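When reading the values below, keep in mind they use all heavy atoms of this one structure, side chains included, and skip hydrogens, waters and symmetry mates. The chains referred to below are lettered A, B, ... by the order of the sequence lines, with proteins before strands, and numbering in each begins at 1. Every value quoted in this text rests on a predicted model; they were computed, and no experiment measured them.
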Amino acid sequence: MNPHRRSPWIIAATLLTLFFLYAPIVVLIVFSFNASRISPLFTGVITKFGPFQLVSGNVVQSPCGPFHWFCDLSQNTEVLSAARNTLFVAVTATIVSTIIGTMAALALQRYNFRLRTFSQISLYIPIVIPEIVMGITILVMFSQLFTFINDSLHLTGDSQLGLGLWTVILAHISFMIPFVTLVVQARLQGLDKSYEEAAMDLGANEWTTFRRVTFPMILPGVLSGALLAFTLSIDDFIITFFTNGPGSPTLPIYVYGLLRRVITPQLNALSTVWILLVLIAVFLTQRVESRQR
Amino acid sequence: MFKRLRESKSAQGTLLIIPTLIFMVGMLIIPLLLTTVVSFGHPNANGGVTYTFSLDNYIRLLGFTNDCPPGIKTCFTTLYLGILWRSLTLGFNTTVLDILLAFPLAYFIARIHPKWRDTLLFLVLVPMWTNFVIRVYAWMMILREQGVINSLLGWTAGLLHVPFKPLGMIYTPGAVLVGMVYEFLPFMILPIYTSLEKIDNSLYEAAADLGASPFRTFLRVTLPLAMPGIVAGTILVFVPVMGTFIVSDLLGGAQVILIGNLIQRQFLDARDPTFGSAVSLAMMAMTIVATYFYTRKFGFGEEIVV
Amino acid sequence: MSEFAIELRDVVKKFITPEGNELAAVNHVTMQIKNGEFFSMLGSSGCGKTTSLRMIAGFEWPTEGEVYIDGELQGRKPPFLRPVNTVFQSYALFQHLTVFQNVAFGLEMEHTSKNDSRRRVGEALEMVRLTGMDKRYPKQLSGGQQQRVALARALVKRPKVLLLDEPLGALDLKLRKEMQLELKSLQKEVGITFIYVTHDQGEALTMSDRIAVMSFGKVLQMGPAVEIYERPANRFVADFIGESNFLDGSVKSVKDGQAVVYISAWGQELTGIVTSKVNVGDEVAISIRPEKIRLSDQSTPNAISLDGTVVNSTYIGSDTHIYLDVRGQRLKVWEQNRVSTLDPRAYYQNGQKIQLSLVPENTLVLPKE
């Protein structure tokens with residue numbers, strides 16, 4: 001018997017919180033089918049397929065029917081290039097940070113060396129300090145570095161070093177490494193050392209042991225570390241904001257810029273697509289995970 | 001060379017950690033030190049930094065300024081301390097509201113039949129996976145003058161034939177609070193859930209068996225055991241609230257300036273990286289000290305790593 | 001080929017404990033293990049037996065001293081360059097590989113040809129009676145089967161020495177007994193030197209040609225099972241291997257491998273066999289195995305007869321365990337139940353007066369350390 005289990009108060013509070021969590025998301029999705037060009041005003045769903053037709057600010061007919069804003073979005077080259085940037089940054093940073101983070105996890109979990117404590121502490125820094133501070137410090141470093149290099153090499157115009165996607169990638173890698181390390185380390189902790197010893201005992205050298213035994217056994221950990229890193233990267237706003245150069249925004253940066261100027265139902269369409277993609281990705285990873293069990 | 005490496009475990013470990021150290025030192029520690037150096041400098045005309053050693057930026061942050069009415073050398077302004085105070089109160093309020101909202105839900109998930117647990121957790125996580133900026137946008141749509149709430153209210157008023165004037169909700173401190181509470185709610189739910197989930201059902205049975213009322217059981221059993229989760233959740237919510245500037249920027253307009261906005265403006269509009277650096281460092285110091293004492297007082301939960 | 005398969009020369013292994021203290025897990029150990037021998041290291045946990053084994057395998061490097069395999073100094077050679085193989089306590093079977101792939105793993109590392117490898121894996125699996133199981137995964141096997149796979153995986157490499165780290169620890173009693181005999185006959189069949197680490201004295205006594213009894217990082221005694229049991233070097237070994245009655249005393253005289261010891265508790269002298277060097281005046285322990293005390297009225301030549309009272313007697317099937325009070329000292333005696341009867345008078349009753357005799361041949365004089 002559990003004294004709270006069927007308490008109506010708990011159920012009511014739970015439903016309220018769930019409503020609070022989901023109402024904004026529902027709003028986002030519903031409005032991506034809105035007829036009105038002014039996004040917060042709901043005037044009904046576009047129902048008719050046909051040549052584009054606008055009546056007093058409302059789309060009444062579109063070649064894509066209710067999916068008018070999605071078609072509109074797919075024509076938006078800025079969005080597409082921002083999406084490409086986001087993906088490029090996330091994929092590159094995920095690959096690099098997964099490799100480096102896995103190496104670090106191996107070092108910390110399987111070896112003793114002089115810099116061990118220092119390394120472990122330094123890995124906690126990005127988790128503990130506020131994101132904005134990390135963004136700022138990296139920005140300060142890059143701008144001082146660039147000023148120094150540009151001045152001392154007398155670089156001018158286009159040849160000047162400046163912020164860009166590559167600085168974003170470097171920043172992302174450094175805040176993702178600790179998360180990957182943490183996840184992989186947890187997995188290694190649960191992996192008995194004797195598997196690796198057995199492989200070596202049977203004649204496998206260090207690299208073969210890693211390739212044939214350690215890696216296959218920690219693969220689930222490495223994958224979930226990589227997935228976490230990827231999610232953090234595509235979602236990141238603050239660090240990207242400070243380390244990004246002009247002209248190559250990632251999606252969150254682009255959306256933020258847009259929100260400060262205009263609001264269009266295209267944004268809702270974008271949100272809907274984003275939510276859908278996330279749902280599919282999460283669903284797939286859960287499938288993979290449950291199969292591994 | 002190769003034989004030496006093979007015969008030294010310590011060298012192997014060092015080799016594996018080197019790339020990480022390059023990033024941690026090059027992208028974290030050196031930038032932090034450099035920012036400290038910059039915070040002691042002065043801005044120069046083209047947005048660069050003149051390196052000196054002065055505490056001017058920190059003195060300015062405390063509210064003392066030379067930019068005074070004629071005849072007075074230094075004067076005092078509460079501008080920055082006000083921003084600081086506003087950020088702290090907002091952080092506090094957000095955390096408290098998140099705990100109140102998260103606890104019942106976390107409790108419900110922890111005590112529901114295990115069959116449903118994963119599904120419910122998934123439901124909690126989905127909003128977190130949608131983009132941060134997009135979530136702020138959702139609240140802009142809801143709170144605007146012509147937004148969802150006002151439309152619904154207007155429509156209801158129309159049905160009742162009552163005169164209706166749209167409520168001014170967006171660009172108020174309240175809007176920022178709602179936005180913050182929403183953004184960070186999942187970060188409170190998950191750690192609390194993790195600690196509640198560990199409580200064995202027999203503890204509740206024992207409490208009931210010993211004659212404790214549901215309320216007393218909550219106070220004496222549930223709450224103390226959920227404390228590590230609440231501590232972890234508080235850190236996960238409070239620290240980022242202090243440094244977030246999009247929510248206040250988009251939902252608070254010019255009305256609500258937080259530390260995050262202050263820092264951002266120094267780097268983008270005011271072009272004073274030295275003052276911006278000083279504010280960042282002060283903020284970092286504040287959050288680290290607060291986190292340290294808070295965790296010392298309430299114990300550190302492993303729930304911090306979600 | 002060297003005379004010794006394995007030689008440890010004055011080996012020390014120190015670890016730093018989590019508290020920062022230095023601990024010598026193995027403390028100046030010297031051992032010589034002959035070719036083809038079934039050698040056991042016996043001791044309770046933390047006695048240094050596993051660390052010694054791991055230093056032979058190459059998982060640990062000695063802090064001091066040297067390890068020789070087949071006369072060759074090993075130094076800091078990694079495990080994959082040593083001609084020994086290990087059967088792990090946890091088996092350490094690769095969960096992501098099938099039985100065949102597990103056994104073939106070591107051959108693959110030697111670049112054995114596919115055909116050769118298939119044949120040798122087949123032979124190895126046949127040897128451990130697992131033919132037909134090659135496509136299964138370790139998780140689909142029982143504990144005993146997993147144990148055999150681990151054995152086959154190590155043996156297929158034809159190592160100079162096979163190292164076994166408590167390989168039967170996870171099995172139930174009956175299976176363990178079976179495997180003990182099987183391991184012993186397997187060792188005879190393949191003729192490989194086995195080094196077997198265990199905390200189970202029964203296991204060590206059953207299988208080994210020689211046993212090293214270890215405690216706190218040191219070897220206390222090394223020798224065949226009979227020697228360890230019948231002539232323990234000191235009180236600790238006598239206590240650790242089997243059971244024994246101990247009486248404190250001091251040496252009065254030593255002559256011809258026998259010593260006369262004065263037992264102050266009894267105010268009486270006992271004569272016994274000396275196993276290690278003792279001097280007149282030494283404080284020693286008299287050790288008498290419980291099954292070697294005779295309860296009878298007839299006195300035998302040169303036996304010492306004593307009167308005792310039965311304090312407790314326990315019927316355990318094959319034997320009866322009798323606990324006696326003999327002039328204030330407790331003695332335990334194991335008597336075989338040689339006659340099948342239900343008559344309670346045939347067994348011993350509490351409070352019963354009884355006479356027992358101690359003979360010098362069954363009495364050991366042991367140093368306390």
Side-chain angles (χ1 to χ4, degrees), chain A residues 1-5 10 13-14 17-18 20-21 24-25 27-28 31 39-42 100 103-104 106-107 111-115 119 122-123 125-126 128-133 136-141 144 147 170-171 173-174 177 182 231 235 237 252 255-256 259 267 271 274-275 278-279 282, chain B residues 9-10 12-14 16-17 19-21 23-24 27-28 30-32 34-35 38 48 101 104-105 107-108 111 127 129-135 137-139 141-142 144 146-148 151 185 201 204-205 208 214 217 239-240 242-243 246 250 260 263 267 273 276-277 280 283-284 287-288 305:
Chain A
M1 192 210 78
N2 166 3
H4 300 292
R5 184 173 272 165
I10 297 284
T14 301
T17 310
L18 278 177
F20 180 64
L21 276 174
I25 289 174
V27 166
L28 278 179
F31 277 78
S39 55
L41 212 61
F42 193 73
I100 294 181
M103 283 167 67
L106 270 173
Y111 294 92
N112 247 317
F113 47 97
R114 206 181 306 160
L115 292 168
S119 314
S122 76
L123 280 167
I125 299 177
V128 171
I129 65 170
E131 226 184 321
I132 189 170
V133 176
I136 290 298
T137 56
I138 295 176
L139 169 65
V140 167
M141 182 197 61
Q144 298 305 308
T147 313
L170 285 178
I173 292 171
S174 34
I177 288 173
L182 223 61
T231 322
D235 207 38
F237 174 79
V255 172
Y256 173 73
L259 285 180
L267 268 179
S271 314
W274 190 300
I275 293 166
V278 165
L279 278 178
V282 171
Chain B
K9 297 257 176 206
S10 148
Q12 291 169 22
T14 311
L16 285 171
I17 203 77
T20 301
L21 281 183
F23 270 95
M24 293 303 121
M27 297 291 287
L28 283 169
I30 290 178
L32 262 174
L34 196 63
T35 307
V38 167
L101 281 172
L105 180 62
Y107 185 86
F108 183 79
R111 304 247 63 86
W129 285 319
T130 59
N131 188 268
F132 197 95
V133 186
I134 284 176
R135 279 176 290 175
Y137 170 55
W139 281 99
M141 295 190 53
I142 295 172
R144 297 193 123 208
Q146 294 174 303
V148 175
S151 303
L185 181 56
N201 212 31
Y204 296 115
E205 290 170 353
T217 305
V239 174
M242 303 287 290
I246 342 171
L250 296 175
I263 295 173
F267 283 91
S277 298
S280 306
M283 174 188 164
M284 183 183 79
T287 48
I288 287 178
V305 183

Cut-off 4.5 Å, heavy atoms of chain B, and the answer for L21(A) is both
Does the T287(B) side chain pair with the main chain of V239(B), one donor and one acceptor, at a distance under 3.5 Å? no
When the 4.5 angstrom heavy-atom criterion is applied to M27(B) and chain A, the contacting part is both
Working note: W274(A) + V278(A), criterion side chain to side chain contact (heavy atoms under 4.5 Å, CB included); need CA distance, chi angles, decisive distance, verdict. CA-CA 6 Å; W274(A) 190 300; V278(A) 165; 3.6 Å; yes
Whatever's closer than 4.5 Å to a heavy atom in chain B on L115(A) counts as side chain
When the 4.5 angstrom heavy-atom criterion is applied to Y111(A) and chain B, the contacting part is side chain
request  = Mind running side chain to side chain contact (heavy atoms under 4.5 Å, CB included) on S271(A) and F31(A) for me, showing each step along the way?
outcome  = CA-CA 10 Å; S271(A) 314; F31(A) 277 78; over 6 Å; no
Original post:
Any side-chain heavy-atom pair from I177(A) and L123(A) closer than 4.5 angstrom?
Top reply: yes
Whatever's closer than 4.5 Å to a heavy atom in chain A on L185(B) counts as side chain
Turns out that what part of D235(A) lies under 4.5 Å from chain B's heavy atoms comes down to both
Residue from V255(A), L139(A), L18(A), L28(A) scoring the most non-hydrogen pairs under 4.5 Å with chain B is L28(A)
The interface call for P19(B) against chain A, heavy-atom contacts under 4.5 Å, is both
Cut-off 4.5 Å, heavy atoms of chain B, and the answer for T231(A) is side chain
**Asked** With a 4.5 Å heavy-atom cut-off, do L32(B) and M284(B) have their side chains touching?
**Response** yes
Interface check, chain A: of I263(B), I30(B), L250(B), V38(B), most non-hydrogen pairs under 4.5 Å belong to L250(B)
Counting heavy-atom pairs under 4.5 Å with chain A, the top scorer among M242(B), Q12(B), M283(B) is Q12(B)
When the 4.5 angstrom heavy-atom criterion is applied to L21(B) and chain A, the contacting part is side chain
Applying a strict 4.5 Å limit to non-hydrogen atoms, the region of L267(A) in contact with chain B is both
Pair S174(A)-L170(A), side chain to side chain contact (heavy atoms under 4.5 Å, CB included): steps then yes or no:
CA-CA 6 Å; S174(A) 34; L170(A) 285 178; 5.8 Å; no
- prompt: Does a side-chain heavy-atom distance below 4.5 Å link F108(B) with T17(A)?
  reply: no
**Message:** In the structure I gave you, are the side-chain heavy atoms of P24(A) and I142(B) within less than 4.5 Å of one another anywhere?
**Reply:** yes
task: Kindly say whether the aromatic ring centers of W139(B) and F20(A) come within a distance under 6.0 Å.
output: yes
Answer key: most heavy-atom pairs under 4.5 Å with chain A among T130(B), I17(B), L101(B) is I17(B)
